[in-house]
Amino acid sequence: MAEKEKVRVRFAPSPTGQLHIGNVRTALFNWLLARQKRGAFVLRIEDTDVGRSEARYETQLLEDLKWLGLDWDEGPDVDGPYPPYRQSDRMAIYHENAQRLVREQKAYYCFCTPEELEREREQALKESRQPIYSGKCRRLDPDEAERRRAAGEAAAIRLRIPEHPIRFHDIVRGDVEFSNEVVSDPIIVRSSGMPVYNYVVVIDDAAMKITHVIRGDDHLSNTPKQVALYEALGLAVPEFAHLSTILGPDRERLSKRHGATSVANFREMGILPEALMNYLALLGWAPSGGNREIFPRPELIKEFSLERVTPSPAIFDTEKLYWLNRHYIKQGPQERIHQQGRGFLERAGLLPNPLTSEVNDWAERLVSLLAPYVDKLDQLPDHAGIIFRFDAATAVAAPENAEVLSSSSAKPVMQAFARRAVNESPLTVERFNAIMNEVKAETATKGKDLFHPVRVVLIGSHSGPAFDKLIPLIEDGSRLPLPVHVKSVRERVEEFMEAIKQRP
RNA sequence: GUCCCCGUCGUCUAGCCCGGCCUAGGACAUCGCCCUUUCACGGCGGUAACACGGGUUCAAAUCCCGUCGGGGACGCCA
């Protein structure tokens, strides 16, 4: 493949806030195409909105992308052939090109004030006309315009939209056509001298030799203006691919009021990056056949295709994300799950920091035991309550235990179990099994009737992980120097039998 | 208001371009059964959709027109 045909894509976020999940999907699709075609993934910072852009958001942005595993080949921190990669550093380029457009009369100075424009706009709307710029300054004599500017009058620069329909091709939507009647002569440089997004994006994409512009479909209506710009500048128009919007459950554009929307939110929840990437890839894209859901990164790179991206908007489904997250928690490299899981337990104050190797081993067993039960890792501390927060009085009073505790067989089972268990410290799995068989024989109960009451005694709930892992964990934990004492089996049994006595 | 885009199970989607293989497939969720001396996991099975109305055709989820519904854009924001 010739060098100039190499696929070059870009992700161009504004550092004005947290990285939104919709933008992450855009970044992902760009990245996937770049990796599949062995092209370049360019990261460009769009900070022309000086009022809202902040350096800390840029730092955060880079960190978020790294966490997601979306690495870039060129960017503000990576040298590439078309620097600089931050728009605030590219002002000279924008001005040169704007001057050229004015000189060639493809753009013109506009002296209309914002107030005038607002009036025109309202008037147009009232008369059910297209609320586009009237073109008042369009026919101004260039020399006259120059004189007024020299006299100190403020002027913005507008692009002249051609007198014919603007057509372009979109990989997701097909051929799109806009009548020039509906597209305003856009301002490309503000009267303050600051160039505008719709202009700089074209200059930059062209300068950086971007071949495929993959972005959200909120830019679809801007595209004719941009195409007109490419043409005015005599530049090749790239391929476009406009991705549908991600919606909340109420079919409104996904926003903060729907809950988690930023990368930071999902990271803090304990969503694994591979789960998030897998989920987002499936939102608007499906493999041919549509019967596969699990796509580890290498598979995604192999299978992805822009031609298969769906044009219709998609509702963000947290449940399916959780399902994928559970999958990756169970299937993923356990070393990493342990490490992350420990982090959540530490932050909840359940584990010391730093950990001794003994505590570390125990914590690893704890995470292994609990992780298969959670949707996201931040549920770990809560689930660890069966280990750390055993409280007999609460267990006895809990409404969800009422049915188990009030069954006729519960009391004899608990007593038979308690009588034997208090003599064992620590209780081994072998002894536990032996005791359970004795209790079974003595009380003539089995299954649920046998195990539910015992479970309530030991962990305060009738559901939880298997005893053969649970009991050693409790016993070992009770002898470890942990910030929160883990009650031993004997402590639990004694406390529980005491508490149940208080009740009829 | 005008323009643009979109419309298959509750949700993500396959199928649509190149009409018949679609009695519309998969997945999440949901329900049931099995497994497990509990719960979860896992396995098996069920409920559930072509927005509506007209065409075209021997035949339409697939092509055409209209209606309705949803989203976006129309800015000296990005």
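So you know, we letter chains A, B, ... as the sequences are listed, proteins then strands, and number each from 1. These numbers come from a predicted model, not from an experiment.
Residue-level contact check: Lys330(A) touches the backbone only, with heavy atoms under 4.0 Å from sugar-phosphate atoms and none from bases. Using a 4.0 Å heavy-atom distance criterion, Glu46(A) is classed as a sugar-phosphate-only contact. Counting any heavy atom pair closer than 4.0 Å across all strands shown, Pro131(A) reaches a base atom. Nucleic acid contact for Arg455(A): base, since at least one base atom lies under 4.0 Å from a heavy atom of the residue. When heavy atoms are screened at a 4.0 angstrom cut-off, Tyr373(A) is found touching base atoms of the nucleic acid. Within the nucleic acid shown, Ser312(A) comes within 4.0 Å of sugar-phosphate atoms alone, with no base atom in reach, counting heavy atoms only. Residue contacts for Arg308(A): at a heavy-atom cut-off of 4.0 Å it reaches the sugar-phosphate backbone alone, with no base atom in range. The residue Gly216(A) sits apart from the nucleic acid: no heavy atom pair falls under 4.0 Å. Heavy atoms of Glu252(A) sit under 4.0 angstrom from primed sugar atoms or phosphate atoms, though from no base atom. Here Ala466(A) lies in heavy-atom contact (under 4.0 Å) with a base. Among the atoms of the strands shown, base atoms are found under 4.0 Å from some heavy atom of Leu450(A). Across all strands, Cys112(A) comes closer than 4.0 Å to base atoms (heavy-atom distances). Ile315(A) comes within 4.0 angstrom of sugar-phosphate atoms only, judged by non-hydrogen atoms across all strands, and of no base. Backbone-only engagement by Leu283(A) is indicated by non-hydrogen atom pairs under 4.0 Å involving sugar-phosphate atoms exclusively.
Ion pair Arg167(A)/Asp175(A) not flagged as a salt bridge, since none of the NZ, NE, NH1 or NH2 atoms sits closer than 4.0 Å to an Asp/Glu carboxylate oxygen. Salt-bridge annotation for Arg257(A) and Asp250(A): present, with a side-chain N of the basic residue lying under 4.0 Å from a carboxylate O of the acidic one. Ion pair Asp375(A)/Arg326(A) flagged as a salt bridge, since at least one NZ, NE, NH1 or NH2 atom sits closer than 4.0 Å to an Asp/Glu carboxylate oxygen.
In this structure, Arg25(A) places its CZ atom 11 Å from C1' of C12(B), rounding to the nearest Å. Distance NZ (Lys225(A)) to P (C77(B)): 12 Å, rounded to an integer number of Å. Summarising the geometry, the separation between CD on Glu122(A) and P on G75(B) is reported as 12 Å, rounded to the nearest angstrom. As a whole-Å value, the separation of Asp218(A) CG from A73(B) C1' is 9 Å. Atom CG in Leu369(A) sits roughly 17 Å away from atom P in C39(B) (whole-Å rounding).
Both geometric conditions, a ring-centre gap below 5.5 Å and a plane tilt below 30°, are fulfilled for His219(A) over the base of A78(B).
Considering only side-chain N and O atoms, Arg292(A) lies nowhere under 4.0 angstrom from the phosphate OP1 or OP2 of A27(B). Distances shorter than 4.0 Å separate none of the side-chain N or O atoms of Arg251(A) from OP1 or OP2 on G71(B). An OP1 or OP2 oxygen of A78(B) is reached within less than 4.0 angstrom by a side-chain nitrogen or oxygen of Arg190(A). Look at Ser288(A) and you won't find any side-chain N or O under 4.0 angstrom from OP1 or OP2 of A14(B).
Nucleotides of RNA chain B nearest to Thr16(A) and Lys440(A) differ in position, and the one nearer the 5' end is that of Lys440(A). Nearer to the 5' terminus of RNA chain B, by closest-nucleotide assignment, is the contact made by Leu247(A) (compared with the other of Thr113(A) and Leu247(A)).
Judged by Watson-Crick or G-U wobble contacts below 3.5 Å, the nucleotide U37(B) has no partner.
A cation-pi geometry, defined here as NZ or CZ lying under 6.0 Å from the six-membered ring centre and within 45° of its normal, does not hold between Arg138(A) and Tyr108(A).
Counting atom types as modelled, Ser244(A) pairs no side-chain N or O with a base atom of C6(B) as donor and acceptor under 3.5 Å.
Taking OG1 of Thr113(A) as the reference point, atom CZ of Arg119(A) lies at 6.5 Å (rounded to 0.5 Å). Of the inter-residue distances, the one linking Arg86(A) atom CZ with Asp204(A) atom CG reads 13.0 Å to the nearest 0.5 angstrom.
Results of the side-chain hydrogen bond (donor to acceptor under 3.5 Å, both in side chains) test with His242(A) over Asp217(A), Thr26(A), Thr223(A) single out Thr223(A) as the only residue that passes.
Checking C76(B), C77(B), C6(B) against the side-chain heavy atoms of Arg158(A) singles out C76(B) as nearest.
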